[in-house]
Amino acid sequence: MLFQLILSGLATGSLYALTALGIVLIFNNTRTINIAQGDFGMFGAFIALMALSSGLGFGGALVLSIVAVILIAVLMHLLVMRWIEDADWLILLTATLGVYYVLHGVSGWLWGRDTKSFPDPFPKEPIEFLGAMISKGHIFVMIIAFVIGGLLFAFLKYSKWGTAMRALKEDKYCASLMGIPIKTIIILTWAVGGIMAALSGFLLAPIIWVSPGMMDTVLVKGYAAAIFGGLYSMPGAVLGALFIGVAENIAGGYLGAEYKVSLAFVMIIIMLAIKPTGLFGGGKRREV
Amino acid sequence: MLDKQKNNNWFWIALTALLISLPFIIESFYTYLLTTVGIYVVIVLGVNMLTGNTGQITMGQAGFYGLGAYTAALTALHFGVPLIPGIILGGLVGAGIGFLVGVLALRIVGAFLAIATLGFGFAVQSILMNVPLFMGRTGISISKPTIFGIQLQEIGYYYFVLAVVILFILLTVSILRSGVGRAFMAIKSSETAAQAMGVNLRLYKTMAFTLSAFYAGVAGGLMAYHTQYISAETFNFWLSTYFLVAAIVGGLGSVKGSVLGAGYIVLVPYFLADYQDFSFIFLGLVLILVVVLAPEGMAGLLKKLRVRATLLLGQNKKMTDSNVALQSKIGMSND
């Protein structure tokens, strides 16, 4: 029982990790607490659902939804965030809240507020793994999430653009002196953040189904995971997400599913009380 | 300066006189709506003090609001506690929980606080939904409020809320004008600088957080008696963001802004109730426009308008451009 809960917890946790990675990436490079991160994924899931119902395959729907979300994220940067780049973080957060409202309203207007089912791209039949039963879909999801996470790490670590993104995180001004095209890199940041959101929306859709509010609690869990890692650390965010996935599944199994969201909050508070800088501490020096 | 003060006082006196006479002029339904606005004014004043004056943020204010509402409703239901003690209890419960959350969450920089309060809002709602005491989606009905044994009708309750609102406006203004208020503003402009000047960061940040939770709790109690029915579904993430939106669109750091913002956030969704999606789009677009183009909100726009008018009429020669610039820089919070 416990092992089974841990396994399926890791599956949902790996999906939270995708949201958390997008959050940390955007926060690192733009100081933005992006409230709309979840709704990027929600919008993508609706686009995918439309594509599917018009006869496109899962691959085509996924590509379409990723392209659409990249477009939304980059547009959000160009139309809104670019103009307030140097403002207080509070102003940045508020602007993303405005985008969250708009995305919510537009999706409700286009597709309605009721919850829609989303076909499962993966086989459902359970298989036995070390004595626990787990659905094949969960295993697929986990593998995909880890491959995506691995690709993101490889991109940031080894590619030229990825290195430039990390340089931006260290020191924006210094990076610009090194000849790094700051503006392009920030657009790239939003695009990659969008890809993460689209993927997490697409992979979560068969599990939590599609509605304008589908990603609200996922957003909270993604942020809880990000805080767990100190908001600056990507490996920390992934670990946090997996931990939350497992913890809430165990709590859900023994206490009842209703308390899953409360658990995310309790984890934030415990983490902040014990180690305010997160698991991989340090963080950034505070600016005066 | 003195003239401006006088002007301002006239503004408030005229507004109060208008609000006192309104129930005799408008339909009773609008009296009900205005009472709702008044209750929102109380909570937005608290949010604005925290966000606009202290530079902290809360995205879970609906949690404190809900705690206040349930405290007032449950004490009335089970122990027959009347209106005034009920809402004070609501405020105290909100403040107590706010203090606990604040002590833990305020150890760290602002961005974390936003997330901690976001999580708090969700957690409170799920507890209200699921712990049997709170009766979840079924909700709780309570009878009409009584004050010294007299039952208040709709108009009576309107006047009661109006009195509470005036009390809270006066309270807020006097807090902001005191040393505490100046400490809040110092924290907002730079935490490091404030600390260097000897402002006890943890004390004042916790105080601002607790105060805003107290305001929210009182407003929750008022709302429970206003609607005479509460259910856990009301106290969701949207409501929390509404309070924040009201403070920002109304005008951060301005008492007048809180009043305007509360009116905005009650009336816009009300008049667009049949077009909920457009109401979201409208609120979102306005929020983005305000943040990008007019960060001082409606209160700031009004101030600019008045300055233009005075300059145009040439009535007040002392009110020069540099004077105005200076004032907006200091962030005169008492208007």
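Sequence lines set the chain letters: A, B, ... in the order given, protein chains first and strands last, and positions in each chain run from 1.
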Interatomic distance, [X] atom [atom1] to [Y] atom [atom2] [nearest 0.5 angstrom]:
X	Y	atom1	atom2	value
Met59(B)	Ile33(A)	CE	CD1	9.5 Å
Ile91(A)	Ile248(B)	CD1	CD1	6.5 Å
Ile288(B)	Met76(A)	CD1	CE	8.0 Å
Thr51(B)	Leu90(A)	OG1	CG	6.0 Å
Thr94(A)	Leu252(B)	OG1	CG	7.5 Å

Atom group of [X] that falls short of 4.5 Å from chain A, counting heavy atoms:
X	value
Val131(B)	both
Leu244(B)	side chain
Phe278(B)	side chain
Leu285(B)	both
Gln125(B)	neither
Val124(B)	neither
Phe120(B)	both

At a 4.5 Å cut-off on heavy atoms, which part of [X] comes close to chain B: side chain, backbone, both, or neither?
X	result
Ile84(A)	side chain
Val266(A)	neither
Leu110(A)	neither
Trp83(A)	side chain

inquiry  = Can you classify the ring geometry of Tyr242(B) versus Tyr101(A) as parallel (below 30°), tilted (30 to 60°) or perpendicular (above 60°)?
reply    =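 Aromatic pair Tyr242(B)/Tyr101(A) classed tilted.
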
task = Heavy-atom pairs under 4.5 Å with chain B are the metric here; pick the option from Asp216(A), Val102(A), Leu103(A) that has the most.
result =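 Looking at each option in turn, the highest pair count goes to Val102(A).
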
ask   = For chain B, which of Leu79(A), Leu231(A), Thr217(A) has the most heavy-atom pairs under 4.5 Å?
value =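 Most heavy-atom pairs within the cutoff with chain B belong to Leu231(A).
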
task = Count the heavy-atom pairs under 4.5 Å between each of Ile127(B), Asn130(B), Leu293(B), Leu118(B) and chain A, then report the option with the highest count.
result =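 The option with the most such pairs is Asn130(B).
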
query = How about Tyr223(A) and Phe122(B): are their ring centroids closer than 6.0 Å?
reply =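 Centroid distance Tyr223(A)-Phe122(B): not below 6.0 Å, so no.
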
key: Minimum heavy-atom distance between Asp277(B) and Gly105(A), given as atom pair plus value   =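 Here Asp277(B) and Gly105(A) meet closest at CB-O, 3.3 Å.
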
ask   = So, for Trp89(A) and Ala114(B), which heavy atoms are closest and what is the spacing to 0.1 Å?
value =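 Result for this residue pair: CZ3-CB, 4.2 Å.
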
Using a 6.0 Å cut-off, check whether atom [atom1] of [X] has over 12 heavy atoms from anything other than its own residue.
X	atom1	value
Tyr275(B)	OH	no
Phe243(A)	CZ	no
Trp109(A)	CH2	no
Phe271(B)	CZ	yes

ask   = Could you walk me through whether Tyr100(A) and Thr241(B) pass the side-chain hydrogen bond (donor to acceptor under 3.5 Å, both in side chains) check?
value = CA-CA 11 Å; Tyr100(A) 169 87; Thr241(B) 63; over 6 Å; no

ask   = Considering only heavy atoms from C-beta outward, does the side chain of Val106(A) approach that of Ile281(B) to under 4.5 Å?
value =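 In short, these two side chains touch, coming nearer than 4.5 Å.
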
ask   = Where do Val291(B) and Val80(A) land on the side chain to side chain contact (heavy atoms under 4.5 Å, CB included) test, with the steps shown first?
value = CA-CA 9 Å; Val291(B) 166; Val80(A) 183; over 6 Å; no

